[in-house]
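Below: one structure, written as C-alpha cells.
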There are 2 protein chains.
Amino acid sequence: MFTTVLTRGPVVRPEIARITGLSSAAVTKAVKPMIEAGYLAELTQSVRAAEGAGRPAYPLAIRADREFFVGVKVTADELIGVITDLRAEVRAASRMPVSGRSVEQVVADVAALVAELTPQFADRIHHVGVSVSGDVDRPGGLVRYSPFLGWRDVALAELVGAATGLEVTVENDVKALTVAEQWFGEGVGADSFALATVGVGIGCGLVVNGRLVPGGYGVAGEIGHIPVAAGDGPTCHCGSRGCVEAIASEEAIVARAREAAGDPGLDMAGAILRAHDGDAAVRAVFAEAGQAIGLGLAAMVNLVGPERVVVSGEGLAAYDLFEEQIRAAFSRQAFGAAERCPLVVRPLPWEEWARGAAAVSIQSLFAP
Amino acid sequence: MFTTVLTRGPVVRPEIARITGLSSAAVTKAVKPMIEAGYLAELTQSVRAAEGAGRPAYPLAIRADREFFVGVKVTADELIGVITDLRAEVRAASRMPVSGRSVEQVVADVAALVAELTPQFADRIHHVGVSVSGDVDRPGGLVRYSPFLGWRDVALAELVGAATGLEVTVENDVKALTVAEQWFGEGVGADSFALATVGVGIGCGLVVNGRLVPGGYGVAGEIGHIPVAAGDGPTCHCGSRGCVEAIASEEAIVARAREAAGDPGLDMAGAILRAHDGDAAVRAVFAEAGQAIGLGLAAMVNLVGPERVVVSGEGLAAYDLFEEQIRAAFSRQAFGAAERCPLVVRPLPWEEWARGAAAVSIQSLFAP
C-alpha cells in the first residue's frame, strides 16, 4: 500500500484500491496510521474522479522529509555513503578510504562515515543499509562470503548496529541496486525486470513475479557465469571455461588487451585509449566482450522473461566500444518475442550503489 | 488455502493457519464454503495438537472424487487424454491420432477424445485443460504460435469450449507439466523450482517466488536457447549458433549420429543401439549432448536459483548415455553454493503431459 504511494507519486485512495486490489475500506484503514505517523500527507487540493461524479478525492503523497536513511556501499578500498530521503533521493554524499579489510576496521570506518554524514539529519535517521558484493544473507544480517574482503560468515548487521546505534540491513550490492530500481526506477510497475552490471564483475539482479529473486542457495543472477564459449573460451576464475565474466569482466578485458597490444603494463584506461585510437587488436577484445555480454543478456531474457533490462555498471566507460556488439548478439540470441525486451543503458556513478543500500533500508522499514 | 490442504494431505486448521499466514478466524471462514461445496471433508478422527493441550482438532481432507478433470496434450500426430481426480491422480487415459493439423480437425478430435473419456464421470466433469507446445496465452485462451501445428493466434479455449460444453484452460505444455509438479509433485512447498524436459526440444518450466514464471513477452524457460558454444557450435533452427538445442535435441543428436556413423538412415532408436554396442563416435555425440544439457542446467541454476530441478522428458530413453556428462558439466559450471541444487531425474510417459493439462484445469478452478 505504502509502496504504491511511494512509487506512483500523489495518488487518490480509489486509485490505490485499484492498483493494490484492496477494498476502499481496507485502504482507508491502512492509510490512517501512516498519516498519523507522518509518512503520508493528504494534499489539500482535491481532484475530481475521472468520471466527473462522486465525492472529491484528496490525493495522498509521501512526506519525503519525514525520515532520512543512510546507505553505505563497502568496497575493498573505499566506502561510499549517502543520505537519502523517503523517496531515495540523495541529500548528502561522502567517500572514505577503508583503513584496512579486517571486519573491525571496516565496521569502525562505516561508523565514522555515518557519524560524518548524519549530524544535520540526526533526529530523523534511524536506519542504515550496507551493501557488499558477494553472498549476503539479508534476513540473517550476515555476510556469508565476500571474496574481495576475504570475509566469511560475518554478522555485519549486528556489528554495525552496535557501532552506530542504528537499525541495520545488509544486502548484496547488486540486489540492493535492483531494489532501488524496483521501488524508485525502471522497475516501478513491472512484474519482472532485470538489472545487469558490467565492470569488475558481470552481475545481475532479478525481480520476478513482483519480488527480488533470492536464489534457493543464495545464488541468483549470475549472468557472469553463463558459459557462452564452453568449448573454446578462456578459463574463468570460477574454475570453469568460457564464462561471460572470463571474456568481459574488467580484469579479462585488461588481460586480453595486454596480450593483443603486446604491452604487459596496460590498464583499463590505457586499453580504452588504444581502442579509441583505432588499435584493431584491442578493439577486437572489446568487441568480443560485447558479444559475450549480449549473449549472456539474451540467455537471461530467454530464461527469465523480464519486461525490460537495465544495463549499468562502471564498465560503461567503454560502452561505445561494445554497445553495437552487445545489441547485435542480444538480437540474434533472443528467442522469438523475447527480442522485444528493451535494453536500457544507464550510467552508474558509485553513489548509486550507496543509494541502493539506502533503498534497501527504506524497504526494510515498509516491507520487512 | 485450498492448495495447502490439496498438497499437504489431511491437515488441521491451526496447521493451515501456520502455513498460509492467515488468522485462524480467516481459515475457519474460508474453509466453510469449501466444506459446503463438498471439496473438503472434515475427518471424524480427531488429532491432539502436538503440545498435547488445547481442544481436539479435526483434520481437513480433500474429497478427491468430488470432481474430475480432463487433460489433453495435443501433439502434431496424436492426442493424449486423461481423466484425473481432484488430486491429479489419473483415473482413465486414452490416445487418438489426429485426423489432421487444421484447427477444425484438432478441435473436433479433442471433442471426440473428451466424449470417449468422460461418460463414466460425466456429471462430475466440468473442466478440461489443453496443452500445446509453443507460445500460449493462458489468460486469453489463445495459442499465439505453435510451430509443430503451424498455428498462429488460435482461440483454442473458446473453440474447444463450444465443441465440448466444458470450461477450457489452455497452457503451454511445459508450463502445464510444471504446474503439475508445483501442486502435486517435487515442487510442493518449494518457493522456487525448475522442471527441465529433454527430448524433441529442450525446455524448462520455472516457479520463482511461489509462482510460475510467465515471461514478460510470453517467453521464459528457454534453456534450449542458451548459447553454450557460440563460437564453435552448430547452427540452431532459431537462427543463432551453439544453442543447447542445436547440440542436444533429438533432431540434433540424430543428425550428428548419422554423420558420426556414416549412416544417413539412422534414427534415434538406432543411434541409441549403436551407442550401447560401443560405437565410440556415436557415444561421443551423446556425451556432447549431455555436456550441453549440463551446462544449460547450470546456467539456469546460476541465474534463477531454484531449490531443486526435475529433469524429465522423452529423451531420457538415452539417459544412461549422457547422465555422467550432464552431472559433470553441471557440477563444474554451477557457481558456488548453487552446486548443492539437486537434479532429480524422472521418466515422463506421454500421459504425464496430459496430466499436466488436467492439473492446469484444477488450478484454474481454485486459483484462477
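So that the names make sense, note that chain A is the first sequence line, chain B the second, and so on, each numbered from 1. Computed from heavy atoms alone, side chains included, the values below leave out hydrogens, waters and symmetry copies.
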Between the CG atom in Leu295(A) and the SG atom in Cys243(B), the distance rounded to the nearest 0.5 Å is 9.0 Å

From the list Ser192(A), Gly231(A), Gly221(A), the residue making the most non-hydrogen contacts under 4.5 Å with chain B is Gly221(A)

Turns out that what part of Pro306(B) lies under 4.5 Å from chain A's heavy atoms comes down to backbone

Taken to the nearest 0.5 Å, the spacing of Leu303(A) CG from Ile223(B) CD1 works out to 6.0 Å

Hey, is the main chain of Glu222(B) close enough, under 3.5 Å, to the side chain of Asn302(A) for a donor-acceptor pair?
no

The interface call for Asp191(B) against chain A, heavy-atom contacts under 4.5 Å, is side chain

Turns out that what part of Ala230(B) lies under 4.5 Å from chain A's heavy atoms comes down to both

Taking a cut-off of under 4.5 angstrom between non-hydrogen atoms, the residues of residues 171-182 of chain B near chain A are none

Checking heavy-atom separations under 4.5 Å from chain B, one finds in residues 205-213 of chain A Leu206(A), Val208(A), Asn209(A), Arg211(A), Leu212(A), Val213(A)

By residue number, those in residues 133-140 of chain A with heavy atoms under 4.5 Å from heavy atoms of chain B are none

Counting heavy-atom pairs under 4.5 Å with chain A, the top scorer among Ala229(B), Cys341(B), Gly239(B), Ala299(B) is Cys341(B)

Do Val304(A) and Val304(B) have side chains that get closer than 4.5 Å, going by heavy atoms? yes

Under a 4.5 Å heavy-atom criterion, the part of residues 332-340 of chain B in contact with chain A comprises Arg332(B), Gln333(B), Phe335(B), Ala337(B), Ala338(B), Arg340(B)

Closest non-hydrogen contact found for Tyr217(A) with Pro342(B) is OH-CD, 3.3 Å

Rounded to the nearest 0.5 Å, the CG atom of Asp232(B) sits from the CG atom of Asp232(A) at a distance of 4.0 Å

Of Pro227(A), Gly305(A), Ser240(A), the largest count of non-hydrogen pairs under 4.5 angstrom with chain B goes to Pro227(A)

Highest number of heavy-atom pairs under 4.5 Å with chain A among His225(B), Arg241(B), Gln291(B), Glu307(B) belongs to His225(B)

